[in-house]
Chemist: 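The structure is given below, and queries will be raised subsequently.
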Amino acid sequence: MPPVPPYDPAAVEAKWQARWIERRTNEPDLDRPARPFYNLMMFPYPSAEGLHVGNMFAFTGADIYGRFKRLQGYDVFEPMGFDAFGIHSENYALSIGTNPAQLIPRNIANFRRQLKRFGGMFDWRHELSTTDPAYYKWTQWLFLQLFRAGLAYKKRAAVNWCPKDKTVLANEQVINGRCERCDTPVEQRFLDQWFFRITDFAERLLVNLGQLDWSSSTVALQRNWIGKSEGAELVFETPGSRKIAVFTTRPDTVFGATYLVVAPEHPLVEELIAVEQRAAVRAYQREVQAKDIVSRRIGEKTKTGVFLGSYARNPATGEAIPIWIADYVLMEYGTGAIMAVPAHDKRDFEFATQFGLAIRQVVKAPSPEPLPSVSEDGVLMQSGAFDGLPCREGGRKIVAWLATRGMATARVQYRLHDWCISRQRYWGPPIPIIYCERCGPVGVPERDLPVELPFIEDFRPDDTGVSPLARHKEWYFVKCPDCGGEGRRETDVSDTFLDSSWYYLRYPSTEFADRPFDPARTKTWLPVTSYIGGNEHAVLHLLYSRFVSMVLKDLGHIHFEEPFPKLRAHGLIVKDGAKMSKSRGNVVVPDAYIQQWGADTFRMYLMFLGAFQEGGDFRETGIVGIRRFLDKVWQLAHEATPDGQLAPETERKLHQTIKKVTTDTESLDYNTAIAAMMEYVNVLRERSGGGGGGGGGTRQGLEPLLVMLAPYAPHFTEELWELFGHETSVFSGAWPSHDERLATAGDVEIAVQVNGRLRSRLTVPRGTAQELVVARVLADEAVKKFVDGEPLKNVIYVQDRLVNLVV
RNA sequence: GCCCGGGUGGCGAAACUGGUAGACGCAAGGGACUUAAAAUCCCUUGGGAGGCGACUCCCAUGCAGGUUCGAGUCCUGCCCCGGGCACCA
């Protein structure tokens, strides 16, 4: 027998990557697929550091699934692209003094090289980048669809402002109330911003969650984010007949409302200030405004607030109660005003204690507990005619009673806010609006799209609080498309999440310059068949994408409203127990590992690290185990005989392996699928008389293994598939099916217990009847010792698994 | 504080609807081959006790209880770790 050539991953992988391109292996027919399968993974942000192992872990897992579906006979479309706009890129570009327009293409080129090297089944004909004018033309189009449908509007809203850098900061750039770059305390500033009315879709976004086949963790994150609360709006009247509406989830506690709090920005504040409190209130309002948004929202230890000097009537008790302003009440939630029930709310209790306000208990908890007692399990007390009622029932009755006087309405409240899409920055698609002195804000007509982002030498944000685009005069001043009069462009760019909210629609249609997505292609390929990504995008990206799909469906552009009926979240790869990040300096780049071990080994190693949907800690010990496994398969294949019957045990193991690898790959349990293939290879090797020569397996035993292994180690299996004389790709083959009869043939070992404790084992043919098993067990010395002549009280028999004698 | 995960050998992890805990892999120890090393192959490996030995018994899945013939798995109450939300009324 000739010596087996060594397995040289670099050569094998280069050969097959070239051949896949030549043979167009990864390019499905997008127009006439027999069984379309859109295999999507979350596209990366092309950082300067390059693709890290976390990206590769995610993409490998998704790629395995796509290749698996391909082998099951689907026409799998697996595209890849780059999410390259945004503050991330811009800040990095600022820090190294390069324009992002020059930086990003370099980063993309590097990512593309890495993505090709790891062996993904990507259809590169359909690559896209969100920074490409051919792409963002349609991002702008999307904005205009929303604008024309009345779903985009402008509103003054608070932003974080660094007074030293004179720029708007994203929330992530504010660390402990200070600018992450210069450490200056950050302030709130109010600027006009574009918003999308996503809150109009809150209920639909919530209800639809019920029909989605998604990882439960992701569903929970979305549900929390939407944050539906059911409660009531109650009205408190002032002696001057001003009505102050409050939202509460606990209308049952209204008899315990001893004061009101309104947000410092509440429009009624002006009318409610008593003369003698004017100075104090003004000072407080200024103090609140000087805080940044982040630290205001993340509760501080001590509460602050000021008495307005006026009173309102509690609609239940008729008492006059004081009105305060405090920044623990937020203008953007509910009505911007609350009824404070210090006995039954932690925050109100803290505030009341601090300022010496009345505390009145109105709920009696089932077991005595100190105030504040927030449980809804108790019954009402000190609540007039409602005493003794359980909280929930009492709440409903109180609302009904107050409603007769127009003082209450049941209502729901969501915590979801409208989506602010404006960014006073440079690196994004310009929002396609022109402000005309005569016509107001006018959408840029479609024929004038894209509104190209001009190349600006100095793209730093400046002290005007508007985007650097405003400095580019010939870009900034334009004619109004409606009346031809003087106009100016909107200088804000849009949020990166708008770019990524529709990219899955673009992939199948990238070659069409005249439409965002081709109707026929969209009909064929969407919604996405399988979407795999990380939970870091569980909320914003996925929620915005769902919202955009709903809008496009309502406007008649697409035929579905849920873009991702099936979604799986992969786990996170961490390093030394911590998330990989540039600042921690623990980012692991895959290149060196691929260089040393090859892409196939490294792919499998990442998948073998732990459960795909749970993630794990990256270590390098153990890579060699995968390489040893591949070497064994390589050896077996080279020594394999062309034919020959499989031994019964081998055949049984093969069918068990097919069964397990099929179900495990389907459920993304890649680590156990790999383990099953390892077990099978161990059996083949025992059969063939160990390694180092002697026999090898047979092709019958190995070909199904190669197919099952192909999604995991695509280059490696192509090479051996070819060795076996196949002229087409292993991915043109068919996934093996198992024969249940063969998989379960043979003997089984049964556990023998006495009183639930394992005392012996017994090997019998599968399917042996209880009587026979029990008879043999009772004859067993090891068992007799424990039964000790006692009569059997009970015998538990689990077919083919266990017998338990109870004495 | 609330909502998700999770806690199993020296390490990464397995374990179907409750049914032989530790599959698979790493590391470690011993042996074979070799002038030697690497590579490869074979054996051992949760802890404890007993036996020359094939073996036998006890303990063991974060902690404390419970349900059950039987619990890593179900229930109750705690502790710890990771992630998300967070003054959301």
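Letters A, B, ... are given to chains in the order of the sequence lines, protein chains preceding strands, and every chain is numbered from 1.
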Chemist: In whole angstrom, what separates Arg619(A)'s CZ from A27(B)'s P?
Modeler: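 That distance rounds to 12 Å.
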Chemist: Between Leu758(A) and Thr335(A), who's closer to the 5' end of RNA chain B by nearest nucleotide?
Modeler: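 Taking each residue's closest nucleotide, the earlier one in sequence belongs to Leu758(A).
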Chemist: Among the nucleotides A86(B), U20(B), C41(B), which one has an atom lying closest to any side-chain atom of Arg685(A)?
Modeler: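 From the listed options, C41(B) comes nearest.
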Chemist: Under 3.5 Å, side chain of Ser215(A) to main-chain N/O of Ala569(A), donor-acceptor pair present?
Modeler: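 Side chain of Ser215(A) to backbone of Ala569(A): a pair is present.
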Chemist: Is the phosphate of A71(B), meaning OP1 or OP2, less than 4.0 Å from a side-chain N or O of Arg757(A)?
Modeler: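 No, because none of the side-chain N or O atoms of Arg757(A) sits under 4.0 Å from OP1 or OP2 of A71(B).
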Chemist: Of the candidate nucleotides A89(B), C4(B), G19(B), which contains the atom at the shortest distance from the side chain of Val329(A)?
Modeler: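 When the side chain of Val329(A) is considered, A89(B) is the closest of A89(B), C4(B), G19(B).
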Chemist: Counting only Watson-Crick or G-U wobble pairs whose two distances fall under 3.5 Å, which nucleotide matches G50(B)?
Modeler: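 Its partner is C55(B) (Watson-Crick or G-U wobble, both distances under 3.5 Å).
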Chemist: With heavy atoms under 4.0 Å as the rule, sort Thr218(A) into base, sugar-phosphate or nothing.
Modeler: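 Touches nothing.
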Chemist: Can you find a heavy atom in the side chain of Ile244(A) that is under 4.5 Å from one in the side chain of Val235(A)?
Modeler: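 No, every pair of side-chain atoms sits at 4.5 Å or beyond.
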Chemist: Measure from the side chain of Glu679(A), starting at C-beta and using heavy atoms only, and say which of A23(B), A89(B), C3(B) lies closest.
Modeler: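 Taking heavy atoms from C-beta onward, the closest nucleotide is A23(B).
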Chemist: Is G9(B) syn or is it anti, if syn means the base angle is within 90 degrees of 0?
Modeler: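 G9(B): syn glycosidic orientation.
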Chemist: Is Ile796(A) touching bases, backbone alone, or none of the nucleic acid, heavy atoms closer than 4.0 Å?
Modeler: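 Since a base atom lies under 4.0 Å of Ile796(A), the category is base.
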Chemist: Tell me the interatomic distance from Asn682(A), atom CG, to C42(B), atom C1', rounded to whole angstroms.
Modeler: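 In whole Å, C42(B) C1' and Asn682(A) CG are 13 Å from each other.
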Chemist: Round to the nearest Å and state the distance from Gln613(A) atom CD to G82(B) atom C1'.
Modeler: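 Result: 17 Å.
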Chemist: Taking for each residue the nucleotide of RNA chain B with the nearest heavy atom, is it Asn755(A) or Gln413(A) whose nucleotide lies nearer the 5' end?
Modeler: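 In this pair, the answer is Asn755(A).
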Chemist: Roughly, in whole Å, what's the span from CD in Gln753(A) to P in A71(B)?
Modeler: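 In whole Å, A71(B) P lies 9 Å from Gln753(A) CD.
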Chemist: Using modelled atom types and a 3.5 Å cut-off, is there a donor and acceptor pairing between side-chain atoms of His638(A) and backbone atoms of Trp634(A)?
Modeler: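 Yes, His638(A) side chain to Trp634(A) backbone: donor-acceptor pair under 3.5 Å.
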Chemist: Please determine, for C85(B), whether a Watson-Crick or G-U wobble partner exists with both distances under 3.5 Å, and give it or none.
Modeler: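 Base partner found: G1(B).
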Chemist: How is Ala538(A) classified with respect to the nucleic acid when contacts are heavy atoms under 4.0 Å: base, sugar-phosphate, or nothing?
Modeler: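 No contact.
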Chemist: G31(B) and A49(B): how far apart are their P atoms, nearest whole angstrom?
Modeler: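 Those two atoms are separated by 25 Å.
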Chemist: NA contact type, Glu749(A), heavy-atom cut-off 4.0 Å: base, sugar-phosphate, or nothing?
Modeler: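 Since a base atom lies under 4.0 Å of Glu749(A), the category is base.
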Chemist: Give the nucleotide from the list C85(B), G70(B), C16(B) with an atom nearest to the side chain of Trp225(A).
Modeler: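 Of the candidates, C85(B) comes closest.
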Chemist: Would you indicate, yes or no, if G12(B) has its OP1 or OP2 atom less than 4.0 angstrom from a side-chain nitrogen or oxygen of Thr621(A)?
Modeler: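 Checking Thr621(A) against G12(B): no side-chain N or O falls below 4.0 Å of OP1 or OP2.
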Chemist: Nearest-Å distance, CD (Gln222(A)) to P (G84(B))?
Modeler: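 Rounding to the nearest Å, CD of Gln222(A) and P of G84(B) are 16 Å apart.
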Chemist: May I ask which nucleotide in the shown strands pairs with G25(B), Watson-Crick or G-U wobble, both distances under 3.5 Å?
Modeler: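 Its partner is C11(B) (Watson-Crick or G-U wobble, both distances under 3.5 Å).
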Chemist: For Asn671(A) and G12(B), is the shortest distance between a side-chain N/O and OP1 or OP2 below 4.0 Å?
Modeler: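 No, no such contact exists.
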Chemist: Please give the distance between the P atoms of G62(B) and G7(B) as a whole number of Å.
Modeler: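 Their P atoms lie roughly 7 Å apart.
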Chemist: Nearest to the side chain of Tyr333(A) - G19(B), A89(B), C3(B)?
Modeler: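 Minimum distance to the Tyr333(A) side chain belongs to A89(B).
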Chemist: To the nearest Å, give me how far apart CD (Glu686(A)) and P (C41(B)) are.
Modeler: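 For the pair Glu686(A) CD and C41(B) P, the rounded distance is 13 Å.
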Chemist: Would you say Arg628(A) reaches A27(B)'s phosphate, i.e. side-chain N/O to OP1/OP2 under 4.0 Å?
Modeler: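 So the side-chain polar atoms of Arg628(A) do come within 4.0 Å of the phosphate oxygens OP1 or OP2 of A27(B), strictly under.
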Chemist: Looking only at side-chain atoms of Asn224(A), point me to the closest of G84(B), A89(B), A14(B).
Modeler: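 For Asn224(A), the side-chain atoms sit closest to G84(B).
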Chemist: What's the gap between U40(B) and G47(B) when it is taken at their C1' atoms, as a whole Å value?
Modeler: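 Approximately 33 Å lies between the C1' atom of U40(B) and that of G47(B).
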Chemist: Mind checking whether Leu630(A) and Leu709(A) have side chains closer than 4.5 Å, heavy atoms only?
Modeler: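 Result yes, sub-4.5 Å side-chain heavy-atom pair found.
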Chemist: Can you tell me, in whole Å, how much space there is between the P of A15(B) and that of G25(B)?
Modeler: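 Here A15(B) and G25(B) have their P atoms 16 Å from each other.
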Chemist: Any side-chain heavy atom of Ile750(A) sitting closer than 4.5 Å to one from Val773(A)?
Modeler: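 Heavy-atom side-chain distance check passes, below 4.5 Å.
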Chemist: Of the listed nucleotides (G19(B), G5(B), A23(B)), which one gets closest to any side-chain atom of Leu802(A)?
Modeler: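 Looking only at heavy atoms from C-beta outward on Leu802(A), the closest nucleotide is G19(B).
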Chemist: Can you figure out which of C4(B), G19(B), A89(B) approaches the side chain of Asn804(A) most closely?
Modeler: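 Given the options C4(B), G19(B), A89(B), the side chain of Asn804(A) is closest to G19(B).
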Chemist: Look at the rings of Tyr544(A) and Phe497(A) and say which category their plane angle falls in: under 30° parallel, 30 to 60° tilted, over 60° perpendicular.
Modeler: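 Tyr544(A) and Phe497(A): perpendicular rings.
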Chemist: According to the Watson-Crick and G-U wobble definitions, with both distances under 3.5 Å, which nucleotide is paired to U34(B)?
Modeler: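 Checking every strand shown, U34(B) finds no partner, since no pair has both distances under 3.5 Å.
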Chemist: Using Watson-Crick or G-U wobble geometry with both distances below 3.5 Å, tell me the partner of C63(B), or none.
Modeler: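 Its partner is G77(B) (Watson-Crick or G-U wobble, both distances under 3.5 Å).
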Chemist: Salt bridge (Lys or Arg N to Asp or Glu O under 4.0 Å) for Asp213(A) and Arg568(A)? Distances and angles first, verdict last.
Modeler: CA-CA 8 Å; Asp213(A) 174 15; Arg568(A) 291 292 177 272; 2.9 Å; yes
Chemist: Kindly say if Arg759(A) contacts the phosphate of U56(B), meaning a side-chain N or O under 4.0 Å from OP1 or OP2.
Modeler: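 Arg759(A) to U56(B) OP1/OP2: no side-chain N or O under 4.0 Å.
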Chemist: Expressed as a whole number of Å, how far does the C1' atom of G12(B) sit from that of G19(B)?
Modeler: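 The answer is 27 Å between these two C1' atoms.
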Chemist: Nearest whole angstrom, please: distance from the P of A14(B) to the CE of Met678(A).
Modeler: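 Spelled out: CE on Met678(A) to P on A14(B) is 14 Å.
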Chemist: When you get a sec, tell me which of A89(B), C69(B), U20(B) is the closest nucleotide to the side chain of Thr248(A)?
Modeler: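 Shortest atom-to-atom distance from the side chain points to A89(B).
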Chemist: Heavy atoms under 4.0 Å, any strand shown: does Lys632(A) hit a base, just sugar-phosphate, or nothing?
Modeler: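 Contact class for Lys632(A): sugar-phosphate only.
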Chemist: From C-beta outward on Leu221(A), which listed nucleotide comes closest to its side chain: G19(B), G12(B), G84(B)?
Modeler: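 Nearest listed nucleotide: G84(B).
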Chemist: Verify the neighbour count for atom NZ of Lys346(A): are there more than 12 heavy atoms of other residues, nucleotides or ligands below 6.0 Å?
Modeler: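 At most 12 heavy atoms, drawn from other residues, nucleotides or ligands, come within 6.0 Å of this atom.
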Chemist: Is it the case that more than 12 heavy atoms not belonging to Arg392(A) sit under 6.0 Å from its CZ atom?
Modeler: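 Not buried by this count: 12 neighbours or fewer within 6.0 Å.
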Chemist: Calculate the interatomic distance between Lys653(A) atom NZ and C24(B) atom P; express it in whole Å.
Modeler: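 My rounded result for the distance is 8 Å.
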